[in-house]
Every structure is written in structure tokens, then in C-alpha cells.
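Working notes, structure below.
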Amino acid sequence: MAEPKENVLMEKIVSLCKRRGFVFQSSEIYGGINGFWDYGPLGAELKRNVKDLWWQAMTRHREDVVGLEATIIMAPQIWRASGHVDTFADLMRECPVTRKRVRTDQVEPRSGVVYRFTGAEFTTTGAKVEKSLALLVEKGGHPESARKRAREFFLESLPEAKADLAALVLLGEQTQPVENSIDFHPDSNVELGPSRPFNLMLQTWVGPIQSDENVAYLRPETAQAIFAQFKNVHETSRQKLPFGIAQIGKAFRNEVTPRNFTFRSREFEQMELEFFIKPDEAVEAISGAVNTQPVEGHPGEPQADWGWQKWHQYWVEERVRFYEGIGLSRNTLGFHIQTPEELAHYARATTDILFKFPFSKVDEAGNVKGDELEGIAARSDFDLSQHERFSGKPMGVFDEELRTAWGKLTPEKQAELTQRYYEARFKYLTKSGVAPEAAEKEAREDAVGLSKGQYIPHVIEPSAGVDRLILALLANAYTEVTETDAKGKSETRVVMKFHPRVAPIKVGVFPLLKNKPELVAKAREIFNLLKRDFACFYDESGAIGRRYARQDEAGTPFCVTVDFDTLGEKPELLDTVTLRHRDDSRQERLAIRDLPAWLRERLS
RNA sequence: GCGGGCGUAGCUCAAUGGUAGAGCGCUAGUCUUCCAAACUAGUUACGAGGGUUCGAUUCCCUUCGCCCGCUCCA
């Protein structure tokens, strides 16, 4: 259900974003382009801060993650291997009554009796509509319900739509039994319209000739480049498993309906980590057992006996800590643990981190679940295996530790692990369409490989949307403050309560008065002192209160004001300034020389 | 893509078959000793294209964009 009140809030946020220069509509002077958004001066700073913080947290503050910056256009085969050519280019069919769509290849076969109609006519007015419609009545279903639905459908096409339903007579009814038909919508039972292709990847041509051979795609996700470059990175970075590869970059999807401001855009940016881990069989061989002890919350520092479950939990908690660190407290977030039905066949678990946006749906009980900021997926060894099969290049790694450990195992243990690994590989191969005999041979070889210390790494994938996070930060920061002044005039101001770490401007620097050159000179001096290390904004226009208010809307956490005491009117206050806090308008007096350290402490 | 609503200054809103006005904002100036003060001056719009008309922002059509639903999951 639409929540008008919440939409008002969303509209206010959109309006502020434009007014203050956080987000503009792309190509606005030409009427805009659906699903594309630009970041203005404040938005660009905000986004840069977010990406920098992610990059620091994921790579520089760790020893086990390295970076990658790959191209947006890659060999088209990558998207066959990844499955995107198939899953992003589905044929869809639509139910003509409910307008609900289903994928052509996912319609469940149904049996029953088909009721066909050629139209309907009003006995009272003679008004008539001619359209064919067919509905399936399953065994045990009631033909009258099909007729009722048909009447409702035809009624829509008649100008006398308000007329009596009972006076509408169906025309040309015919029945026909069908077996295992895939032509009917699973919910409405109505015969589906023609198949139409839906390709969610944006296409282009590489080279000046626009032919089918030159078709390439703008990447729909950044992750695949990481898999495609896995061998190169592994070999050059001197990393050993477990380790990760991180990437930030643009991705493109031809969304059916871009919606909710920047939440679902056609061009967007992702921050993705592929964290490669040893298969559980290898962990067990090395550590004796895989640690599966359940722990609440963060499982602590990584341990050698962690299997995919622990690593998955670890990354979920690491990511939550990241969000908390930039001002999104746990109660603004939500979680969605994907059900077995929702999971891709190769995925073992996926936990989505959600944020409660103003447009997020509210359920009957009044709870807001939220919408997705990030998905943390345990993807088994699917991705690298796919690229190994499609490229013909080996994607396995050699694990010295495993080989050594393997030799010390009992023959029974070796056999058990070999068998389990064989089964997992066999399952992957057959599910991927490899013929059983070939799959058996290949899986057998893979299992022998394991005993020699070789395997294809498994992967945990924390994949976050930058633009969605920006939107979450904007929504989270948006605060209205209503104040009534001495004259009784009440006024509502907006304060963007960003965490200082992400705030686009960290410090506003003002002279108390513009027409006093000494104050201006001192303020300029402080601005020049701070601007190298902090995003600063100097402002001398208008009254001081107005300048504070402007910075509140920009989300600047601190403002520094130079007054006559700074210049030594009261000698004991010489070279001190007023430091004003955004969230509560609190003021304190600080020495100019202490400012850099004071700020650094609050911004790092 | 389909269905419903919408489109007037940067923002929030008015008015009109005879080409638009306010408040706030913004810019400059005067003034101003800490929370959108005052005064003066300036600034900016009928989303785009076509049609009907002597004339359209107003009526009609098309298109683009925004919001809501189907869809989607970074």
C-alpha cells in the first residue's frame, strides 16, 4: 500500500537533494532520462567519502584483501559463463487480465479444461465487446469462477463499466481439455499473451561496425571481472587463501521500471568484495574439523578452521559494523535471510542487509522490513567453476598446506573427504548441464586434485550498492527542526545529521561579521589552515544564523566562528574560536591551534 | 512495457483562450557582536513537439520526465 505520509517525506528529500546540490536528474535540461541521476557538489563529496571509507575498511585496513579496477565492457563470453545472458534475457509473458508477468520458461505445466470466450454482450443495452479470452479450470475448479473472471475482463472494455455484471452475457463459450499446458498464468489461470524478450543488460558494439558479432554488454555487476581476473590477481598479489579482491565501479541494468529516486537506477555503482575461501573439505583436512559452533553476532578474528558458514557470518557482521560506523545504527537496518526457494541453485546462503527507507513497505503489523543495501552471498565455487568451463583455463589453486595435511590423514578420512568433494563437484557439473558420464569423470579428477592440494576456491560475496547507501544516508540524516522565535513565528528548518565521517563538508568557517576586515582576515587564515586536511567551506554572507542554517542543510557537523575575542578583546580568549555543533547548536570555545587535532579525532 | 495520478521560477504554490504573480531561496550592497533579522537592487518558469485558433501556459494529440501499482533484489 502506498503511504502518502512517507511519500511526502521522500519528496522532501528529493527536493532538498536538488536544492542543495546532492542529486540532480541526469540531462535535466532535455527533460531528463529515466533511471539516471547525477551527483551535485555535495553529493559528489558524500559519495566519495562513502567509497573511500569502504575501500579503506575493505582493503587498506586489512592484509587479506586487494583491489582491482576492471573495465565496464568485457568479453561477452563472461556474461554467458556468469549466467547473465540467460537470466537477464528472459522471455516473459503477460496475463491479459491481471497484467502480471511470468517468465516463459518458468510456467508450471497445468492440466484441466480450457474455457474459451469470443466476447460479451449486455442484454440490456446491446453493447458488445469482441475479444478472445481463455481460462483454465483445473480439476476440482469451478467453471463459474472462470466465467466470472471473464465477465470482469470484458466489462473493462465496455463503456458501461458500471453496469450490472449480471446483465453481461458471455459469447462463444467453448471447452477443451488440456494436459500439461504452460500457457496459463499460475495465479489468474488466464491464458498468457505472446512471449516477449526482456533483456536487462545494456548492449553496445565494440568497433565501428554494428553487427551481431560485435555485440558487447555494459557490465550488469562488477563481480564478474574479479572472477575473470582471479588467476592474475592471485599470482601477482602474493596472497594465499583465504583472501579477497575488492572492486568499486559502475554497473548497468536496463531495469524494467527505475523507481524510488536513485534506489533503482539503470546506471549505478557497486562496491563488491569476492572473498575466496577454501572448500570445507580442505578446511577439514587441514584443521581436523570445520568449526560450526554457532555464535551470536560477530564471530571474531578469522580462524583456520572456519568453513563457509563462519566466513559468511563474519562478513555479514563486518558489513553491519561498517554501516554502524557511518551512522546507520542497527535499528535502521533490517535483515533478510533468503529462503531456499529464493536462493540461486549454486548459492548456499544469502543474507541481505536492508535499510528502512521512507518508501519501504509496511506490513499488516506495522513493521518495516526495509529495502536492500547489500547482499552477502555464499556462492560455493560456482563462479570460478563456470569460468573454468567456459574459458577452458584452470581456475584452481594449489594449496601447499592442504597437500601436507592430506598426507597425514587416515585412509578412511581421505576417502570420506574425497567422496564428499566428488559429490559436490558432480552436483555442480550435472546442474550446469554436463552429461552424467562426463560429469562423473571430471568430478573424479577434481577429487583426485583435492588430494594433491588442488581445488577451485569457494567465495563469499558482500556486494553493496553505493547509490542505495547514499540514499540511505540521506534519508537517515534528514531531520526537520521546528522552532518558534521570539515573535512567535515558527519555522521549520532541515538539518542533515550525517555522521561526520561521511559529511560532504566537515567544517564551515565564518567571520562573525563581514564588514570588519580583521575578522575576515582571521577567518580566511583559519580556512587556509584547515582546508588542506578537511573539506571546508568559507562563508561570510548574510547573518551568522543564516550561515549556520545553510551548513545544517548541507550536513556540516562543525562550524567555526571568528569573533572579537579571537582577536584578543578578552586577552584570555586570544586565538580561540567558537565551535558550533550541528545537531544541538551547542557551542564551545577552542584554541585555533587545537582545531586540526580536535577535528581529526572526530572524523577518523 | 501496461494501468492510475502529475508536470508553472532553485523550492512551495497562484492566476489566465489575449504570452504569468507571491513567499522563500539565490546574487550584490547597506547594516548587523552567535542561530534563516531588516532595508535596497537584481535573478529566474508555463517539460518538449505538433494540432485547433486571429491568438494557447490554458483545449486536443504525441512525446519526455516524476509519483503509485505489476516487475525487480546492488
### Position toward the 5' end of RNA chain B (nearest nucleotide), Gln587(A) or Gly31(A)
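Result: Gln587(A).
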
### Message
Which is more 5' along RNA chain B, the nucleotide nearest Val577(A) or the one nearest Ile33(A)? Just name the residue.
### Response
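On the 5' side of the pair lies Val577(A).
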
Between [M] and [N] - [atom1] atom distance, rounded Å:
N: rA37(B); M: rG10(B); atom1: C1'; result: 23 Å
N: rC59(B); M: rG1(B); atom1: P; result: 26 Å
N: rG25(B); M: rC67(B); atom1: C1'; result: 25 Å
N: rU52(B); M: rU40(B); atom1: C1'; result: 47 Å
N: rA15(B); M: rG7(B); atom1: P; result: 12 Å
N: rA14(B); M: rU27(B); atom1: P; result: 27 Å
N: rU8(B); M: rC13(B); atom1: P; result: 9 Å
N: rG21(B); M: rU57(B); atom1: C1'; result: 14 Å

For [X], report the nucleic acid contact type (base, sugar-phosphate, nothing); a contact means any heavy atom under 4.0 Å.
X: Phe261(A); answer: sugar-phosphate
X: Asp563(A); answer: base
X: Ser463(A); answer: sugar-phosphate
X: Glu28(A); answer: nothing
X: Ser15(A); answer: sugar-phosphate
X: Glu569(A); answer: base
X: Thr222(A); answer: nothing
X: Leu16(A); answer: nothing
X: Lys514(A); answer: base
X: Glu372(A); answer: base
X: Leu373(A); answer: sugar-phosphate

Roughly how many Å is it from [atom1] in [X] to [atom2] in [N], rounded to a whole number?
X: Arg493(A); N: rU12(B); atom1: CZ; atom2: C1'; answer: 19 Å
X: Glu540(A); N: rU33(B); atom1: CD; atom2: P; answer: 16 Å
X: Ile29(A); N: rG10(B); atom1: CD1; atom2: C1'; answer: 15 Å
X: Phe263(A); N: rC67(B); atom1: CZ; atom2: P; answer: 13 Å
X: Lys51(A); N: rA74(B); atom1: NZ; atom2: C1'; answer: 14 Å
X: Leu469(A); N: rC73(B); atom1: CG; atom2: P; answer: 20 Å
X: Gln551(A); N: rA36(B); atom1: CD; atom2: C1'; answer: 13 Å
X: Arg468(A); N: rA74(B); atom1: CZ; atom2: P; answer: 7 Å

So what's [N] paired with, Watson-Crick or G-U wobble, going by both distances under 3.5 Å?
N: rG1(B); result: rC70(B)
N: rU40(B); result: rA28(B)
N: rC59(B); result: rG51(B)
N: rC6(B); result: rG65(B)
N: rA20(B); result: none

### Query
So, for His312(A) and Thr351(A), which heavy atoms are closest and what is the spacing to 0.1 Å?
CE1-OG1, 3.1 Å

### Contact summary for Glu374(A) and Pro462(A), nearest pair of heavy atoms
OE2-CB, 3.2 Å

Identify whether the distance between the nearest side-chain nitrogen and carboxylate oxygen of [X] and [Y] falls below 4.0 Å.
X: Asp552(A); Y: Arg580(A); value: yes
X: Arg319(A); Y: Glu461(A); value: no
X: Asp563(A); Y: Arg589(A); value: yes
X: Glu525(A); Y: Lys522(A); value: yes

At under 4.0 Å, does any side-chain N or O of [X] touch on OP1 or OP2 of [N]?
X: Lys516(A); N: rU33(B); answer: no
X: Asn260(A); N: rC67(B); answer: no
X: Arg546(A); N: rG25(B); answer: yes

### Message
Rounded to the nearest 0.5 Å, what separates atom CG in Leu42(A) from atom CD in Glu553(A)?
### Response
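Leu42(A) CG to Glu553(A) CD: 10.0 Å, rounded to 0.5 Å.
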
### Task
Fit a plane to each ring of Phe382(A) and Tyr346(A), take the angle between them on a 0 to 90° scale, and name the class: parallel (under 30°), tilted (30 to 60°) or perpendicular (over 60°).
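Aromatic pair Phe382(A)/Tyr346(A) classed parallel.
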
### Query
Can you say whether the rings of Trp311(A) and Tyr314(A) are parallel (under 30°), tilted (30 to 60°) or perpendicular (over 60°)?
perpendicular

Nearest to the side chain of [X], which nucleotide is it out of [options]?
X: Ile544(A); options: rA74(B), rG65(B), rC34(B); result: rC34(B)
X: Lys361(A); options: rC34(B), rC66(B), rG69(B); result: rG69(B)
X: Leu512(A); options: rC66(B), rA74(B), rC34(B); result: rC34(B)
X: Arg550(A); options: rU27(B), rU32(B), rC66(B); result: rU27(B)

Per the atom types in the model, does the base of [N] pair as donor or acceptor with the side chain of [X] at under 3.5 Å?
X: Asn515(A); N: rC31(B); result: no
X: Glu553(A); N: rA36(B); result: yes
X: Arg259(A); N: rC67(B); result: no
X: Arg20(A); N: rG25(B); result: no
X: Tyr548(A); N: rC34(B); result: yes
X: Glu255(A); N: rA74(B); result: yes

### Query
Does the separation of the ring centres of Phe357(A) and Phe355(A) fall below 6.0 angstrom?
yes

